[in-house]
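The next block holds one structure in the form of structure tokens; read it before the comments.
No experiment lies behind these values; they were computed from the predicted model shown. Worth knowing before you read on, the calculation uses all heavy atoms, side chains too, and leaves out hydrogens, waters and symmetry mates.
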Amino acid sequence: MSTPVLVAVAWPYANAEIHVGNITGAYLPADIVARYHRLKGNRVLMVSGTDSHGTPVTLRADAEGKPVEEVYKRFHESFLDLFQKCGLTYDLFTTTHTENHFKVAQSVFLALLKNGYLYTETRPQWYSPALNRFLPDRYIEGTCYLCGYEHARSDQCDKCGNVLEPEKLLNPRSKVDGSTPELRETEHYYLDLSKLEPEVARFLRERQHYWRETVSRQTLGQIESEGLKSRPITRDLDWGIPVPVQGWEGKCLYVWFEAVIGYLSAPVEWANLHGLGDVWKDWWVNPESRTIYFIGKDNIFFHAAWWPAQLLGMGETFMEIFTGEKGQKLVLPYDVPANQFMNLEGDKISGSRNWAVWGHDFLSRYDPDPLRYYLTVNMPEMRDTDWDWEDFYKRNNDELVATWGNLANRVLSFAVKHFEGKVPDPGPLTALDEDILRRVEAGFESVSAELEAVHLRNALGTAMALATEVNRYLDQTAPWKEIKTDRQAAARAIYTALRCIDSLSILLSPFLPFSSEKLHQYFGYEKPLFGKQATRTVQDSLGEHTVLLYDPDDASGRWEPSQLQAGQPLQAPQPLFKKLDASIVEEERARLHAQRKS
RNA sequence: GGCGAGGUAGCUCAACGGUGGAGCAGUGGACUCAUAAGCCAUUGGUUGUGGGUUCGAAUCCCACCCUCGCCA
């Protein structure tokens with residue numbers, strides 16, 4: 001039974017590079033789950049893209065004196081490169097700056113408008129004559145009219161904690177260039193979230209029993225105490241998606257409203273790029289489909305309340321507008337397994353202070369699988385965790401290398417050396433052999449259960465515990481002793497251990513795809529476990545953009561126990577992982593402190 | 001300020017009303033196929049603080065302290 005699984009991954013914003021906290025927060029868990037479901041034979045679509053619009057990108061472009069397209073594309077290209085190096089197998093990683101996304105987002109807007117969930121309101125907004133544009137409240141500071149604090153944000157004072165009315169701020173100035181802004185009246189569309197509140201609350205309660213408490217309790221708690229309040233969904237900006245209403249030129253859809261629609265537009269683009277027409281409906285209209293959203297805790301309210309509200313508000317109208325079909329609703333989120341945050345050496349990760357382990361920088365010195373291993377065993381699933389170089393070094397050497405890498409290496413080396421480079425013929429198996437095979441093969445159930453629940457640290461821990469059991473089995477059967485007196489007993493033990501390792505390689509492959517792929521080759525299999533990643537440049541009316549794609553054609557991996565046959569030729573193995581020198585701990589810490597800005 | 005999450009062995013976590021557990025690190029031992037890895041044994045905790053409920057509390061209640069996120 002093949003289930004459609006939409007793996008919806010947070011869209012990185014185009015004004016910062018990606019660090020290990022971003023990877024463990026959303027991108028890596030998404031990839032692990034996607035790879036697992038592919039091995040299970042489910043129809044996986046993993047999508048995301050660069051969130052390219054909004055004020056921060058335009059201000060950055062202003063500061064650099066460059067076209068805004070150039071700025072977003074620079075980050076976008078960097079993301080594409082990093083994701084390939086990490087083995088993050090997006091079926092499509094695109095951007096919000098595409099003709100397709102514009103069309104889908106505008107259709108969502110029109111569906112909500114038609115269904116009566118949008119209204120307009122005119123309010124004063126800060127305008128910078130110097131920059132010739134409106135500025136969001138957080139870019140304006142001034143003196144608090146309540147406590148006199150001189151560096152209050154226009155919407156809130158950090159000193160006295162009060163929420164401020166922006167137009168009452170004293171001595172306002174732009175945080176961008178220090179110039180004095182003025183208030184101008186401007187009209188915007190608002191999404192009437194209060195109307196949708198009962199439905200959103202029901203949606204959350206229905207899923208509360210299996211969602212993470214950190215997600216459902218926070219969202220429901222907030223709604224119950226303060227209610228869902230309306231939010232503006234348009235902005236005075238020229239970089240973004242135009243509001244599809246006559247007379248609204250010069251205004252764009254607000255990024256909070258528009259970027260999440262990427263989860264819907266990306267499958268549409270994916271289907272178009274593959275010439276598959278409306279097959280995207282398998283994930284978006286089919287009620288059997290599971291849509292799982294991988295995000296960090298800062299994004300919980302967006303994905304657990306506002307995005308469901310948008311989907312509920314659209315009802316069947318989106319499909320009527322977008323494809324002309326009636327009676328078809330989009331599916332609501334199945335799960336939002338948001339992660340907490342990862343800190344770094346005891347301090348909060350901060351891009352602006354350059355206190356971060358950056359993805360590209362890490363991979364210039366280390367391999368991707370040790371990164372994936374450490375980020376998984378230390379994933380902030382329930383609470384914040386800490387990246388600690390000492391811990392990284394130990395877990396690499398004492399767990400990844402010692403328990404798993406060494407197991408594969410010792411058994412394969414022994415087989416190559418003593419059994420002519422082939423899987424030995426075991427003859428009849430003993431109860432001990434059957435027992436270890438059964439235990440490892442039970443992993444296809446137990447690891448599965450943890451993965452389905454998105455308990456990834458437990459899933460990896462369960463698989464690693466099986467590697468320890470195989471090490472124990474080897475100690476009991478001691479083929480290095482038997483080979484001297486009872487060749488058949490040694491053959492039996494090595495065959496059994498090889499079959500266990502072959503199974504473990506599958507169980508670990510969602511977490512450690514690069515080394516499992518290598519191991520798969522050492523076992524003499526011709527086809528790879530997973531497919532290939534590739535980029536492609538796409539033209540549309542907005543220009544061109546590069547996308548990352550996943551080609552599953554050669555993938556042969558199956559979430560099933562090894563069927564290893566005696567006589568299969570083996571390759572002489574190389575160690576799967578590098579043992580690290582203790583000196584890296586101090587080197588990396590010194591590097592961090594040297595790059596840090598105050 | 002409001003809404004939430006978390007504070008358990010040196011480290012990372014599990015127990016969510018019934019004698020505080022696991023992995024890693026540490027210590028001791030036998031082995032040698034393997035990246036001096038693996039295996040066996042073992043040290044280690046007034047469960048953030050102070051109260052309360054209970055025959056019994058890490059677990060429930062109250063107050064406080066600390067960390068973190070969200071508040072459109």
Side-chain angles (χ1 to χ4, degrees), chain A residues 25 137 155-157 160-163 190-191 193-194 212-233 254 256-257 295-306 309 338-343 346-348 374 377-388 390-418 455 457-458 460-462 464-465 467-484 490 493-494 497 573-580:
Chain A
D137 293 336
D155 56 345
Q156 187 174 7
C157 175
C160 66
N162 286 298
V163 175
Y190 284 71
L191 176 59
L193 286 156
S194 55
R212 290 184 183 172
E213 283 195 1
T214 46
V215 179
S216 60
R217 302 259 313 244
Q218 192 210 318
T219 312
L220 269 170
Q222 181 105 24
I223 289 173
E224 280 160 8
S225 71
E226 295 179 18
L228 267 182
K229 292 178 198 156
S230 297
R231 271 197 107 180
I233 63 166
Y254 210 148
W256 78 261
F257 175 82
I295 57 166
K297 64 175 162 178
D298 51 334
N299 264 322
I300 288 174
F301 213 73
F302 281 92
H303 291 75
W306 292 329
N339 276 335
Q340 306 297 298
F341 282 169
M342 178 173 268
N343 296 317
D347 271 352
K348 228 196 287 195
Y374 183 60
V377 295
N378 210 9
M379 198 168 268
E381 291 178 331
M382 301 305 290
R383 66 182 97 176
D384 291 355
T385 60
D386 193 44
W387 174 293
D388 180 282
E390 170 94 21
D391 194 38
F392 167 74
Y393 155 76
K394 283 182 173 175
R395 286 185 180 275
N396 181 78
N397 284 7
D398 301 334
E399 297 177 21
L400 192 57
V401 171
T403 306
W404 171 231
N406 183 57
L407 170 64
N409 197 44
R410 68 195 290 209
V411 175
L412 273 166
S413 301
F414 196 94
V416 167
K417 191 166 163 192
H418 294 285
H455 296 156
R457 346 177 16 141
N458 281 350
L460 179 52
T462 304
M464 286 296 285
T468 295
E469 296 219 33
V470 179
N471 274 320
R472 200 171 287 148
Y473 164 84
L474 280 172
D475 196 68
Q476 287 165 344
T477 50
W480 51 89
K481 266 188 201 158
E482 297 288 2
I483 194 75
K484 295 170 187 159
I494 290 300
Q574 294 291 311
L576 288 180
F577 309 103
K578 293 180 197 128
K579 198 168 159 105
L580 297 171

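Across every non-hydrogen atom of A:Phe577 and A:Val401, the tightest pair is CB-CG2, 3.9 Å. Shown here for A:Asp475 and A:Trp480, the closest heavy-atom pair between the two residues is CA-CH2, 4.2 Å. Taking both residues in full, the closest heavy atoms of A:Arg212 and A:Glu381 are given as NH1-O, 3.6 Å, listed atom of the first, atom of the second, then distance.
No more than 12 heavy atoms of other residues, nucleotides or ligands shown are found within 6.0 angstrom of CD on A:Gln574.
Nearest-nucleotide positions on RNA chain B for A:Asp384 and A:Ser230 put A:Asp384 closer to the 5' end.
For B:U8, the glycosidic angle deviates from 0 by more than 90°, giving an anti base.
Within 4.0 Å (heavy atoms only), A:Gly227 reaches at least one base atom of the nucleic acid. Using a 4.0 Å heavy-atom distance criterion, A:Leu412 is classed as making no nucleic acid contact.
Comparing B:U59 with B:C70, their P atoms are spaced 29 Å from each other, to the whole Å. Separating the C1' atom of B:A30 from that of B:A41 is a span of 11 Å, rounded to the nearest Å. B:C40 and B:A57: their C1' atoms are spaced 37 Å apart (whole Å). Spacing between B:U49 and B:U8 at atom P, rounded to whole Å, works out to 10 Å. Here the separation of B:G45 from B:A34, taken at their C1' atoms, is 36 Å to the nearest Å. Comparing B:C62 with B:U53, their C1' atoms sit 11 Å apart, to the nearest whole Å. As rounded to the nearest Å, B:C31 and B:C39 have C1' atoms that lie 8 Å from one another. Comparing the same atom, P, in B:C60 and in B:C16 gives a spacing of 11 Å after rounding to whole Å.
A heavy-atom distance below 4.5 Å is not found between the side chains of A:Ile295 and A:Phe302. Side-chain contact between A:Ile300 and A:Thr219 is present, with heavy atoms from C-beta onward closer than 4.5 Å. A:Met342 has its side chain within reach of A:Asn378: a pair of non-hydrogen atoms, C-beta onward, lies under 4.5 Å apart. At least one side-chain heavy atom of A:Met379 sits less than 4.5 Å from a side-chain heavy atom of A:Asn339. Residues A:Lys297 and A:Asp384 meet the side-chain proximity criterion, which asks for heavy atoms closer than 4.5 Å.
Remark: B:U47 base-pairs with no nucleotide; criterion is Watson-Crick or G-U wobble with both hydrogen-bond distances under 3.5 Å. Base pairing analysis places B:A22 opposite B:U12; the two distances defining the Watson-Crick or G-U wobble pair are each below 3.5 Å. Taking a pair to require two hydrogen-bonding distances under 3.5 Å in either a Watson-Crick or a G-U wobble arrangement, B:A5 pairs with B:U67. The base-pairing partner of B:U32, taking Watson-Crick or G-U wobble contacts with both distances under 3.5 Å, does not exist among the strands shown. If you check B:U53 for Watson-Crick or wobble pairing at under 3.5 angstrom, you find it has no partner at all.
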Contact letters for nucleotides 2-8 of chain B, in which S counts primed atoms plus P, OP1 and OP2 and B counts the base, heavy atoms under 4.0 Å: BSSSSSB
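A:Trp306 contributes no side-chain N or O that, together with a main-chain N or O of A:Leu193, makes up a donor-acceptor pair within less than 3.5 Å. Side chain of A:Asp386 to main chain of A:Asp388: no donor-acceptor pair is present (N/O by atom type, distance under 3.5 Å, no hydrogens or angles). Between the side chain of A:Asn471 and the main chain of A:Thr403, a donor-acceptor pair closer than 3.5 Å is present. Remark: the backbone N or O of A:Tyr393 is not paired with any side-chain donor or acceptor of A:Tyr374 at under 3.5 angstrom.
Between the CD atom of A:Gln476 and the C1' atom of B:C40 there is a distance of 11 Å, rounded to whole Å. Atoms CZ (A:Phe341) and P (B:C68) sit 11 Å apart, rounded to a whole Å. Atom pair A:Tyr374:OH and B:C11:P shows a separation of 13 Å (rounding to whole Å applied). Spacing between atom CG of A:Asn343 and atom C1' of B:U12 amounts to 14 Å, rounded to whole angstrom units. Distance OH (A:Tyr393) to P (B:A25): 11 Å, rounded to an integer number of Å. Taking atom CG on A:Asn378 and atom P on B:C24, their separation rounds to 16 Å, with Å as the unit. Here the P atom of nucleotide B:A25 and the CG atom of A:Asp388 are 15 Å apart, to the nearest Å. Remark: C1' of B:U12 and CE of A:Met464 are 14 Å apart, rounded to the nearest angstrom.
Cation-pi geometry between A:Lys348 and A:Phe341 is not met at under 6.0 angstrom from the ring centre and within 45 degrees of the axis.
Minimum atom distance to the side chain of A:Arg457 is reached by B:C13, of the listed B:G38, B:C13, B:A25.
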Write down the protein N/O and nucleotide N/O pairs, taken from nucleotides 21-23 of chain B, whose separation is under 3.5 Å; answer none if there are no such pairs.
none

Give every pair of a protein N or O atom and an N or O atom of nucleotides 29-36 of chain B that lie under 3.5 Å apart, one pair per line with the distance.
residue: B:C33; atom: O2; partner: A:Arg410; partner atom: NE; Å: 3.0
residue: B:C33; atom: N3; partner: A:Arg410; partner atom: NE; Å: 3.3
residue: B:C33; atom: N3; partner: A:Arg410; partner atom: NH2; Å: 2.4
residue: B:C33; atom: N4; partner: A:Arg410; partner atom: NH2; Å: 3.1
residue: B:A34; atom: O3'; partner: A:Asn409; partner atom: ND2; Å: 3.4
residue: B:A34; atom: O2'; partner: A:Asn406; partner atom: OD1; Å: 2.6
residue: B:A34; atom: O2'; partner: A:Asn409; partner atom: ND2; Å: 3.4
residue: B:A34; atom: N3; partner: A:Asn406; partner atom: ND2; Å: 3.1
residue: B:A34; atom: N3; partner: A:Arg410; partner atom: NE; Å: 3.3
residue: B:U35; atom: N3; partner: A:Phe577; partner atom: O; Å: 2.7
residue: B:U35; atom: O4; partner: A:Leu576; partner atom: N; Å: 3.1
residue: B:U35; atom: O4; partner: A:Phe577; partner atom: N; Å: 3.0
residue: B:U35; atom: O4; partner: A:Phe577; partner atom: O; Å: 3.0

